[in-house]
Amino acid sequence: PHVAVLSPQEEGYYEGCVSPMAVREDESHLNELQCWVRQNLELFSATHQDLVHSSYGGGRRSSATLGKVGIRCIHCAAAAKAATEATDTVASSPTTGTVKNQFL
């Protein structure tokens, strides 16, 4: 029998979706510290890259899965992306012919 392969969107997942936690109305309802915290957090859904290349391990009660929604620091997300890109860059060593990671 033929099995249909559904995309994450068709299955109800929102893989790779990222949204800032802050909204315009925050300043009308929250204090300055609460606004600052929300400006530095984002909602995201885990991608394959998040699961393979990062230290993302999931929440306290469940493990990370593709499309699972979470909250993360925008600065940590940028640092993790930069680290992943640096370790994904490889070059062949001219002296040994082996492949080494190039950290930028």
Side-chain angles (χ1 to χ4, degrees):
H2 183 265
V3 177
V5 177
L6 300 176
S7 72
Q9 291 79 13
E10 292 169 327
E11 291 181 4
Y13 293 102
Y14 302 94
E15 180 183 342
C17 183
V18 176
S19 176
M21 198 163 184
V23 294
R24 261 184 270 149
E25 295 81 17
D26 284 352
E27 292 182 11
S28 301
H29 304 286
L30 303 173
N31 67 39
E32 187 176 334
L33 177 60
Q34 291 168 327
C35 289
W36 180 84
V37 169
R38 286 175 59 97
Q39 290 167 359
N40 288 280
L41 295 175
E42 64 186 12
L43 302 169
F44 75 104
S45 62
T47 63
H48 178 72
Q49 188 171 4
D50 290 326
L51 303 177
V52 173
H53 293 294
S54 76
S55 60
Y56 176 71
R60 292 175 58 186
R61 297 186 181 168
S62 60
S63 61
T65 57
L66 188 63
K68 188 169 191 173
V69 175
I71 299 172
R72 65 183 173 197
C73 167
I74 61 172
H75 308 290
C76 296
K81 182 178 179 186
T84 297
E85 290 170 356
T87 57
D88 283 348
T89 304
V90 295
S92 178
S93 168
T95 56
T96 63
T98 60
V99 175
K100 299 188 292 186
N101 289 330
Q102 300 296 311
F103 297 95
L104 306 175

Show every donor-acceptor pair shorter than 3.5 Å between a side-chain atom in residues 69-76 and any protein atom, with sequence neighbours excluded, or say none if there are none.
unit_1, atom_1, unit_2, atom_2, d
Arg72, NE, Glu42, OE2, 2.7
Arg72, NH2, Glu42, OE2, 3.2
His75, NE2, Asn40, OD1, 2.6

Show me the donor-acceptor pairs within less than 3.5 Å that the side chains of residues 19-29 make with the rest of the protein, sequence neighbours left out.
unit_1, atom_1, unit_2, atom_2, d
Asp26, OD1, Arg38, NE, 3.3
Asp26, OD2, Val23, N, 3.1
Asp26, OD2, Arg38, NE, 2.8

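- Hydrophobic clustering of Ile, Leu, Val, Met, Phe, Trp and Tyr side chains at less than 4.5 Å, counting indirect connections, unites Leu41 with Leu43.
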